[in-house]
Structures are given as C-alpha cells and as structure tokens.
Novice: 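One structure follows; several queries about it will come next.
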Protein chains: 2
Amino acid sequence: MADIGAHSGGGRVKNGHESLEASPGMTLAERLRQKLEGAIAAGHLEPGSRLDEQEIAQRFGVSRTPVREAFRLMAANNLVELRGRQGATVRSIKAQALIEMFQVMAELEGLCARLAARRVSLAWGAEIGKVHQQLVAAGETGDIDVFYDINQEFHEAIYEASRNTFLAEQTRKLRNQVAAYRRRVTRMPNRIADTVREHEAIMRAILAHDPERAHSAMRDHVNLLGDNLLDFLAAFE
Amino acid sequence: MADIGAHSGGGRVKNGHESLEASPGMTLAERLRQKLEGAIAAGHLEPGSRLDEQEIAQRFGVSRTPVREAFRLMAANNLVELRGRQGATVRSIKAQALIEMFQVMAELEGLCARLAARRVSLAWGAEIGKVHQQLVAAGETGDIDVFYDINQEFHEAIYEASRNTFLAEQTRKLRNQVAAYRRRVTRMPNRIADTVREHEAIMRAILAHDPERAHSAMRDHVNLLGDNLLDFLAAFE
DNA sequence: CGAAGCTATTTTGTATACATATATTGTTAT
DNA sequence: ATAACAATATATGTATACAAAATAGCTTCG
C-alpha cells in the first residue's frame, strides 16, 4: 500500500505509529481527515483503492472510531465513497465525470474571476500581481512542484478577491477533488508556458476591471487545462 | 423542541421511539440522516438549534454511535455545522451567506439551463412541458404546497436535461441547503404568478434551443427569487 | 470441469464504557 | 455587586466489545 505522508518529513516514529502532529484542541478524527486528504490530493493513495479501517487505525495508533468518523467527514468533500456495509474507497473519477466536473469548475472559477474584476481592491491587485511574478519566476527555473504550488496560490488569490466566501469555499472543494488528477498534467510539454500566458490574460482583465473578459479568460484557462488532462488520461487508458 | 417527522404519518410508535421505517440493507446512520435532513428541509428543526446526540439517540431508540455518524454525513451536505467538541447545530444561514449562495446557485442553474437548451431531446422537452402545465394548474388552484413541489420538479427536470450528472447533483445539494428558507418565500404576494411567467420564458428558450437566452432567463429567475427571499427576511429581522 | 450452496473468516455496523474537554454553578475576594 | 476562580456536572471524543452482514473458501452436486 501507498505510504501515507511519506513526503512529510519523517512521519513515522519509533513506536511504529505514524504521528498525527500535535494539534491541541483538534480531535483525532479531524487530524486523520487532514492527513488522509493530504495523502489523497498528493496522489499517495490511489483512486479506487480501499481504505481499511483497521489498518489505518493501527497505522496511526488509534481506534476504529475516529477513523470511521474521518471517513464520514471526507465523504463530505467527495474525496471518499461510502458504499453501505462495503467499506470506504478513495473516490476514483472516470473521464466522463472529469469532463462534467471541469465544466462546472470553469463556470465557478469564471464567476470568481468576474467578481474579482468587479471588486478587486488595489491591495489585492498588488497581491495577485506579486503571485504572478513568482509564477513567472518558477516557470523559468522549471521547478514543477514549486510551480504547481504557486499556481494554486494564484487561483486562491482570485477566490479571495471575489469576496464571496461561499463561492470561494465551493470552488476550493471542487479543486481539491480533482487535485490528484490535476497534478499529473503539470508535467505536460507546453503546459507551464501556456499557463503563464493564460494567467497573464486573466490578471490583466481583473486589474482592468473588465468582468466579462476576466470571466471568459478564466473559463478558457480551466477548459484548456481540462482538455489537457483528458488528453493525458486518454494516452494512458 | 420541534417534533421531528411529525408530518410523516404517525412517526411515533407505542414503545415511545420514533420509527426509522424498515429499510433493509440501510444502516441506522443512513436512515437517521434521511430523517434528520427531511426535518431540516421541512423547517421542523430550527436553523441554529443544537442537535443533542443523546436526545436524538433516545428519541429513535439507538445508541450515540450512529447518531454521530449521521451528523458527520450531514456535514457533507452542509446541513449541519460541527464545531469541534462543541456539538452539532443545524446550519443557520445569515443573510450575507444567502446572498452569496444565490449568486452561485444562479450561475449553476443557469448552466443547467444552457446545457439543457443545447442538449434537450424531444422526449425531455415534452416532459418539461408537461411539468410546466401541472405548475400552471397548481398555480390556478392556489395550493401552495403542491405548487412548491411541482416547482421543484420543474427545476429537477432541467437538471436532468443538462445531461451533466455532477452539475445536477451539485445544484441539487445547493438547492437543499437553502430549502428551509426558500419554502417561506413561496407565500409572498405575487410570487406564484411571477414564477409561472419566469418558468415559461425559461422553457421556451430551452425548447427553442437557445442556450444564451435559457441561461439568462434562469439566472434572472433565481436572482429574483433570491431578492424576494432577502426582502422577506429583512421584514422579520 | 463448472456451478451452486454451505461454512468459516473477515469486516463493517452498533452498543456500551471510559476519558477528557467544555459549560455551569457556586464561592470568595476585591 | 461584580469579577475571578474553583468544583461540579454535562456533553463530546475515543476505546473496546459485541452483532450482523459480506466476502472468501471449501465442499458437493450436476
């Protein structure tokens, strides 16, 4: 089985249990959720793979109870599938579902961009500009993981700039759902250069307070990414 | 406290426990979820009210375990709020949040309508037309509860016609979240007549395969409802 | 040789018991 | 009288034990 949290600096401790990072005031179930969601988003847990209550409980040195509760919480975010009396599995998304999800995501991110263009303040404009500069720099060095993270920050900045916390949360969730698949596509040939160019168009529209252009630029950006992702998957399956 | 399921024909049985309807193959947690979500949507559980694990467990004659799991599952649909170690409450939506949610809902339902206009088949067109006829009839008799239900069916038909199951599910969930608030607004003065008129515009655009007109008609419809709802709330708070 | 049916094992679902954190109440001191 | 603190009570979180269902493996029959 995939080694959960293998990347997060020495998760395993001497007693054989993986640590849940001392997080006072947080329940075990919540800490487990964070750990497991991270592992899913990072791709350490294969989509479709079964989540064994006992195994996970033993791995983290807790009882089944908080593990089960964590599963229920993750079902909230559509990251795991609960089939009654048949256990929990990491949600695996078929190509058809990905198409559908990107269609929705394009609309939601497009709305974020539209609202951001209408509402963005000078401070936020500067923030977005700064993140974009970092992205350009990361694109030049070619460090894909750094690029991926800053790309995320760019979108996050636009979510915030929309000043619609519900929309921001909804879009974030959707983004997390497809994260495991998205990450793979960053490595495609011209993806980095394209992304930088598309982001620039989005940013310019927002800073120019042009809602419709921001909307369509973001929509196109997300749709292009979706197309790339589907091409990528088609090549493997 | 509100009597959960008081409307669903004799929920209480002689042993003092409320029945969970024999649903073989379904877990208690799942049955509890359905019951409680129904009670929330119907407005029998006041938004903001605390959900007491013990009380609910006793009421249905089960242990706390499935009750807790049901709470976690409901958090998935944003119907309850879980504050760590401080219990679960029926999610109460502030006016500001309602504005934000309707903004998203208008976009999603608009997308449904747009896709429906592009993809609707003759059979589905007939179905939508039939539902609309029922709505007109219900509007004339003035039975508000029937009208509310058929209204729901009309929108549901459009979700299906979009042929995007993910979008349909997402929109449905959002609709459920605001259901407890929506229901109240149906009783406003001209709401029924307005709704019929707006639906007609939407339907015509869909049957004419005019995606943009369908989109904007639906968007306007949802936004008008949102405005009405906010007016209504403003009058009380 | 394959399929159907039964038994055994494993795993999920539920109940109960215990630990711990939060809320409440009452007391005391300023 | 009010504010701060301490003791109690209550509710949530977690662990363990038990029940029931699903899966796997085996036997038997066609």
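By convention in this document, chain letters (A, B, ...) are assigned in the order of the sequence lines, proteins followed by strands, and residues within each chain are numbered from 1.
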Novice: Suppose we screen for side-chain hydrogen bond (donor to acceptor under 3.5 Å, both in side chains). Which residues come up paired with B:N78, at least two apart in sequence or across chains?
Specialist: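 Applying side-chain hydrogen bond (donor to acceptor under 3.5 Å, both in side chains) to B:N78 gives none.
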Novice: Starting at atom CG of A:L28, determine the distance to atom P of C:dT20, rounded to an integer number of angstrom.
Specialist: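 The distance from CG of A:L28 to P of C:dT20 comes to 12 Å, rounded to the nearest Å.
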Novice: What integer distance in Å separates A:L51:CG from C:dG13:P?
Specialist: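 Result: 13 Å.
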Novice: Go through the structure and list residues passing side-chain hydrogen bond (donor to acceptor under 3.5 Å, both in side chains) with B:E160, not counting sequence neighbours.
Specialist: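 Applying side-chain hydrogen bond (donor to acceptor under 3.5 Å, both in side chains) to B:E160 gives none.
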Novice: Determine whether a donor-acceptor pair (N or O, by modelled atom type, separation under 3.5 Å) exists between the side chain of B:N164 and the backbone of B:F166.
Specialist: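 Judged by distance alone, yes, a pair lies under 3.5 Å.
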Novice: When you look at B:D52 and B:R59, which way does the salt bridge (charged side-chain N to carboxylate O under 4.0 Å, His left out) test go after all the steps?
Specialist: CA-CA 11 Å; B:D52 191 86; B:R59 181 195 300 267; over 6 Å; no
Novice: Can you pull the contact range of chain B along DNA chain D, 5' to 3', using atoms under 4.0 angstrom from its heavy atoms?
Specialist: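 Both ends considered, the range comes out as D:dA11 to D:dT14.
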Novice: Under 3.5 Å, side chain of B:R33 to main-chain N/O of B:M74, donor-acceptor pair present?
Specialist: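 Side chain of B:R33 to backbone of B:M74: no pair is present.
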Novice: Just distance, no hydrogens or angles: give the donor-acceptor pairs under 3.5 Å from side chains in residues 170-180 of chain A, sequence neighbours left out.
Specialist:
from, atom 1, to, atom 2, distance (Å)
A:T171, OG1, A:L167, O, 2.6
A:R172, NE, A:E169, OE1, 3.4
A:R172, NH1, A:E156, OE1, 3.0
A:R172, NH1, A:E156, OE2, 2.2
A:R172, NH2, A:E169, OE1, 3.4
A:R175, NE, A:Q152, OE1, 3.3
A:R175, NH1, A:E109, OE2, 2.7
A:R175, NH1, A:Y159, OH, 3.3

Novice: When you measure from the side chain of B:E81 to the backbone N and O of B:T89, does any donor-acceptor pair fall under 3.5 Å?
Specialist: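 No.
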Novice: Looking only at atom types and distance, does a side-chain atom of A:R31 sit under 3.5 Å from a main-chain N or O of A:M26, one as donor and one as acceptor?
Specialist: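 Yes; at least one donor-acceptor contact below 3.5 Å.
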Novice: Hydrogens and angles aside, do B:E100 and B:Q96 bring a side-chain donor and acceptor to less than 3.5 Å of each other?
Specialist: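 Side chains of B:E100 and B:Q96: pair found under 3.5 Å.
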Novice: Could you state the CZ-C1' distance from A:R72 to C:dT14, rounded to the nearest angstrom?
Specialist: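 Between C1' of C:dT14 and CZ of A:R72: 12 Å.
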Novice: Does B:A106 offer a backbone N or O that forms a donor-acceptor pair with the side chain of B:R219 under 3.5 Å?
Specialist: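 No, because the side chain of B:R219 does not come within donor-acceptor range (under 3.5 Å) of the backbone of B:A106.
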Novice: Tell me the interatomic distance from A:R68, atom CZ, to C:dT14, atom P, rounded to whole angstroms.
Specialist: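 Distance, rounded to whole Å: 7 Å.
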Novice: Determine which bases of DNA chain C form Watson-Crick or G-U wobble pairs with both distances under 3.5 Å, and write the result as a 5' to 3' dot-bracket string with | for other-strand partners.
Specialist: ||||||||||||||||||||||||||||||
Novice: Which atoms form the tightest heavy-atom contact between A:F102 and A:N223, and what is the distance?
Specialist: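 Nearest heavy atoms, A:F102 then A:N223: O-OD1, 4.3 Å.
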Novice: Please list residues of residues 73-86 of chain A whose heavy atoms come under 4.0 Å from any atom in DNA chain D, ordered by number; otherwise none.
Specialist: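 Listed by number, they are A:R85, A:Q86.
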Novice: For A:R50 and C:dT12, is the shortest distance between a side-chain N/O and OP1 or OP2 below 4.0 Å?
Specialist: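 Indeed, a polar side-chain atom of A:R50 lies that close.
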Novice: Pick the nucleotide of DNA chain D nearest each of A:R64 and A:E30; which residue has the one closer to the 5' end?
Specialist: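 Final value for this comparison: A:E30.
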